[in-house]
Amino acid sequence: MAENYHTILTSAGIRPSVQRVAVYAYLREHQNHPTVETLFSALSPEYPTLSRTTIYNTLRLFEEKHLVQSIQIEDGKTRYDSDMSGHIHFKCIRCGTIFDNFIGEKLYDSYAHYDKLLPPGFSMTKVQTNLWGICADCAAASATA
């Protein structure tokens, strides 16, 4: 393991329980932007006492401590991303995969100026940009079909 997840959680002011470390490790090691259900399905066989409620509470705590961000890229589902760097997300409408897109870093950095567009007294706490379309693999599969 390249990172010491206990240390990261402790540094963020989070008590590193076994379940919290497991959730954070999954998020760091699987860049699949999981839902709570995905996390539960992946972790419950190894951690049978892990509940969906624990996962929800853990993710909320991680988000409060800026270790993860929630992503709203589809109706009714919240996904989670442990990459806190400036990037946008692309969802393929054919295969459903969500990709991190770092080409948008300059666009993302420009959001810092959006607060100037807000009325007096307003403050911006989060900006999220999502793109939808067809990924290269699905486009190639369509071209050969």
Side-chain angles (χ1 to χ4, degrees), residues 1-115 118 122-145:
M1 175 172 25
E3 300 180 71
N4 185 331
Y5 300 127
H6 285 83
T7 302
I8 292 169
L9 295 180
T10 301
S11 295
I14 298 171
R15 185 180 58 80
S17 69
V18 170
Q19 293 175 330
R20 287 175 176 166
V21 171
V23 169
Y24 190 68
Y26 184 91
L27 289 165
R28 295 296 298 172
E29 295 167 13
H30 300 85
Q31 298 298 312
N32 60 348
H33 305 88
T35 63
V36 168
E37 193 57 43
T38 304
L39 285 160
F40 181 75
S41 295
L43 297 174
S44 61
E46 188 172 343
Y47 303 94
T49 61
L50 182 67
S51 69
R52 286 175 185 83
T53 301
T54 298
I55 294 172
Y56 276 111
N57 292 337
T58 298
L59 291 168
R60 188 177 17 210
L61 177 61
F62 288 175
E63 192 165 18
E64 287 171 11
K65 299 294 186 170
H66 306 286
L67 292 177
V68 302
Q69 59 180 317
S70 59
I71 302 168
Q72 303 296 323
I73 196 166
E74 53 202 343
D75 292 339
K77 289 186 182 177
T78 301
R79 293 179 171 269
Y80 295 89
D81 188 355
S82 64
D83 186 338
M84 298 299 288
S85 66
H87 65 281
I88 60 179
H89 295 98
F90 178 93
K91 180 176 181 182
C92 180
I93 59 173
R94 289 218 177 120
C95 67
T97 303
I98 299 171
F99 300 88
D100 288 332
N101 184 332
F102 295 95
I103 297 169
E105 287 176 326
K106 289 183 182 180
L107 172 67
Y108 192 88
D109 291 341
S110 73
Y111 294 154
H113 304 290
Y114 279 16
D115 61 341
L118 297 172
F122 284 65
S123 65
M124 182 176 67
T125 59
K126 182 176 179 178
V127 174
Q128 189 171 84
T129 299
N130 299 317
L131 305 172
W132 292 264
I134 300 170
C135 71
D137 289 343
C138 288
S142 293
T144 60

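- Taking S123 as the reference, nothing meets the side-chain contact (heavy atoms from CB on, under 4.5 Å) condition, with sequence neighbours excluded.
- By the side chain to side chain donor-acceptor pair (under 3.5 Å) test, E74 pairs with R79, K91, sequence neighbours left out.
- Between the CG atom in L59 and the OG1 atom in T35 there is a gap of 10.0 Å [rounded to 0.5 Å].
- Judged as a side chain to side chain donor-acceptor pair (under 3.5 Å), the pairs with a partner in residues 13-22 (not counting sequence neighbours) are, in order, Q19-T49.
- Identified under the ring-ring contact (aromatic ring centres under 6.0 Å, His included) test for residues 36-86, with sequence neighbours left out: Y24-F62.
- Scored by the side chain to side chain donor-acceptor pair (under 3.5 Å) test, S82 finds no partners at all (sequence neighbours excluded).
- Contact check for L27 versus L67: no side-chain heavy atoms found under the 4.5 Å cut-off.
- A search for side chain to side chain donor-acceptor pair (under 3.5 Å) contacts involving T10 returns nothing, not counting sequence neighbours.
- Listed by chain and number, the residues in a side chain to side chain donor-acceptor pair (under 3.5 Å) with S41 amount to none (sequence neighbours excluded).
- In this structure, the side-chain contact (heavy atoms from CB on, under 4.5 Å) partners of N32, at least two apart in sequence or on a different chain, are Y26, H30, P34, T38.
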- Message: Walk me through whether T78 and V36 qualify under side-chain contact (heavy atoms from CB on, under 4.5 Å).
- Response: CA-CA 8 Å; T78 301; V36 168; over 6 Å; no
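- Nearest approach of P48 to P45, heavy atoms of both residues: CD-O, 4.3 Å.
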Under 3.5 Å donor-acceptor pairs involving side-chain atoms of residues 130-141, not counting sequence neighbours:
residue: N130; atom: ND2; partner: Q72; partner atom: O; Å: 3.0
residue: W132; atom: NE1; partner: I73; partner atom: O; Å: 3.1

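- With sequence neighbours excluded, the residues satisfying salt bridge (charged side-chain N to carboxylate O under 4.0 Å, His left out) with R52 are E37.
- Between the side chains of D100 and H89, at least one donor N or O sits under 3.5 Å from an acceptor N or O.
- Atom-to-atom distance recorded for Q69:CD and D83:CG is 7.5 Å, nearest 0.5 angstrom.
- Evaluation of the salt bridge (Lys or Arg N to Asp or Glu O under 4.0 Å) test over residues 53-69, restricted to residues two or more places apart or in two chains, returns E63-K126.
- Closest approach of H87 to D81, counting heavy atoms only: NE2-OD2, 2.9 Å.
- Note that CD1 of I88 is 12.0 Å distant from CD1 of I71, once rounded to the nearest 0.5 Å.
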